[in-house]
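Since we're looking at a predicted model, the values are computed, not measured.
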Amino acid sequence: MSLFSQDTQLEERSEGLYRAQVSSNWSIMSAPNGGYLMALLGEAMSRYANLAVPVQVTVNYSAKTQENAPLDIEVQRFAQSRQFDRLQATARQGDRIVLQAFGTFMADYEQEVNCQERLLNLAPKEVCKTRAGMPGLTVFDQVEMRIDPATAGWTKGNTADVSEIYGWMRIPSLSEWSPTSLMMACDTCPPSIFVSHGALGWVPTIEMSVHIKHMPKSEWLKARFHSKYLGKTLLQEDGELWDEDDNLVAVSRQLAQFIPA
């Protein structure tokens, strides 16, 4: 069993009620990564769903979730048809709601995706800059991110005009990708705002949506994240993930808070 599978295991306590143990293996300065938390709620909804695969999950992060602590997840169905199963999940620590999610499930992923955008001119993995693990950033001990040198200037204090970052990523412990590990992957790249503003702040996620197209056919994913909208305190970041055959496997959008250091 991979570390990711181990850290997303659930205990079914009753119908629609699950308990997870929030691991400290996927954190940023003791704050569990938003993609990891989405994976926990996605796993709970997948257990409850009548249809096999999640095609859309949205999570609102209403309060800080504590690591190394239990997380109780309650799943309810609010709509169902022959094509879609629609669920909501509420996660609590103690008596406090920390996460609220909505998910849409189908019987299977669509076989063809008409994607009019490709990640062009991505440098080979061998020349991309590895995002090394750092104290307090345990998520980067589990996820290997290789940033294209064209968008890695901020790591040396050099900023750019465009808030865009791209490169390669994988989770080495995985034997194959799953819907929940794709949710995780959509939130493991350094914030694209760092490219234009430098790594001089904290960027906590307020809300994130992930749309899954189908399962990757390769271990490595091509990743692109970009932010076109930045206010005084809020930013929007969009992301796309492709496999090595250039199949679009997931897209994401998140609203985050930019807190300068």
Side-chain angles (χ1 to χ4, degrees), residues 2-4 25-29 33-36 113 115-178 181-201 203 210 212-228 230 235-254 256 258:
S2 70
L3 182 63
F4 179 80
N25 292 322
W26 311 86
S27 295
I28 298 176
M29 305 307 291
N33 171 270
Y36 169 62
V113 177
C115 179
Q116 300 179 8
E117 189 171 6
R118 293 286 187 269
L119 185 54
L120 302 176
N121 302 318
L122 177 63
K125 292 188 287 289
E126 295 74 21
V127 302
C128 289
K129 182 178 178 63
T130 299
R131 175 70 176 180
M134 297 175 62
L137 306 183
T138 60
V139 64
F140 293 117
D141 295 332
Q142 320 307 336
V143 179
E144 184 174 356
M145 180 74 199
R146 298 190 183 183
I147 302 172
D148 191 299
T151 63
W154 60 277
T155 63
K156 298 180 179 179
N158 302 316
T159 57
D161 293 332
V162 178
S163 301
E164 180 179 50
I165 189 168
Y166 45 85
W168 299 85
M169 71 163 60
R170 66 171 180 161
I171 301 177
S173 67
L174 289 181
S175 59
E176 61 182 3
W177 290 97
S178 65
S181 57
L182 276 180
M183 296 174 198
M184 174 76 211
C186 284
D187 194 39
T188 54
C189 185
S192 57
I193 198 69
F194 286 0
V195 178
S196 56
H197 288 67
L200 300 175
V203 190
V210 171
I212 299 175
K213 305 304 180 182
H214 52 73
M215 290 299 98
K217 298 178 181 179
S218 60
E219 176 187 11
W220 285 92
L221 301 182
K222 301 177 181 181
R224 172 178 178 254
F225 294 89
H226 46 101
S227 181
K228 297 180 180 179
L230 173 64
L235 64 89
Q236 175 186 304
E237 182 179 81
D238 294 301
E240 299 93 27
L241 298 177
W242 296 264
D243 65 14
E244 291 195 73
D245 293 332
D246 289 325
N247 299 303
L248 182 69
V249 296
V251 298
S252 64
R253 170 167 287 183
Q254 67 171 282
F258 182 52

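The shortest side-chain heavy-atom distance between R170 and L221 does not fall under the 4.5 Å cut-off. Two residues are said to be in side-chain contact when any heavy atoms from C-beta on lie closer than 4.5 Å; V203 and E237 fail this criterion. Here the side chains of L241 and K213 are not in contact, with every heavy-atom distance at 4.5 Å or above. In this structure the side chain of W26 reaches within 4.5 angstrom of the side chain of V143, judged on heavy atoms. Within the 4.5 Å cutoff, the side chain of M184 has heavy atoms near those of the N33 side chain. Side-chain contact check for P191 versus F258: every heavy-atom pair is 4.5 Å or farther apart. Taking 4.5 Å as the limit, some side-chain heavy atom of V139 sits within range of a side-chain heavy atom of I28. Side-chain contact between P190 and I147 is present, with at least one heavy-atom pair separated by less than 4.5 Å.
Between the CG atom in L182 and the OG atom in S252 there is a gap of 10.5 Å [rounded to 0.5 Å]. Taken from CH2 in W177 to CH2 in W220, the straight-line distance is 10.0 Å, to the nearest 0.5 Å. Separation of atoms OG (S2) and CD (E176) is listed at 10.0 Å; rounding is to 0.5 Å. If you take CZ on F140 and SG on C189, they are separated by 7.5 Å, rounding to the nearest 0.5 Å. The CG atom of L122 sits 5.5 Å away from the CG atom of D148 when rounded to the nearest 0.5 Å. Interatomic distance, N247 CG to W242 CH2, rounded to the nearest 0.5 Å: 11.5 Å.
Annotation for L3 and S173: closest pair N-OG, 3.9 Å, computed over non-hydrogen atoms. In this structure, P149 and C128 approach most closely via the heavy-atom pair CD-CA, 4.0 Å. Between D187 and Q254 the shortest heavy-atom distance is OD1-NE2, 3.0 Å. Closest of all the heavy-atom pairs between E164 and V195 is O-CG2, 3.4 Å. Minimum heavy-atom separation, M169 to T188: CE-OG1, 3.5 Å. Residues F225 and A185 share a closest heavy-atom pair of CZ-O, 4.1 Å.
Using modelled atom types, one side-chain atom of S227 and one backbone atom of Q236 make a donor-acceptor pair closer than 3.5 Å. In this structure, the side chain of S192 does not engage the main chain of I165 through any donor-acceptor pair within 3.5 Å.
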Apply the test side-chain contact (heavy atoms from CB on, under 4.5 Å) to residues H214 and V249: give CA-CA distance (whole Å), side-chain angles for both, the deciding distance (0.1 Å), then the verdict. CA-CA 5 Å; H214 52 73; V249 296; 4.1 Å; yes

Evaluation steps, side-chain contact (heavy atoms from CB on, under 4.5 Å), between L174 and E219: CA-CA 8 Å; L174 289 181; E219 176 187 11; over 6 Å; no

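For CG of D161, the number of neighbouring non-hydrogen atoms (other residues, nucleotides, ligands) closer than 6.0 Å is 12 at most. Heavy atoms from other residues, nucleotides or ligands lying under 6.0 Å from CZ of R253 number 12 at most.
When the salt bridge (Lys or Arg N to Asp or Glu O under 4.0 Å) test is applied to K125, the partners found at least two apart in sequence or on another chain are E244.
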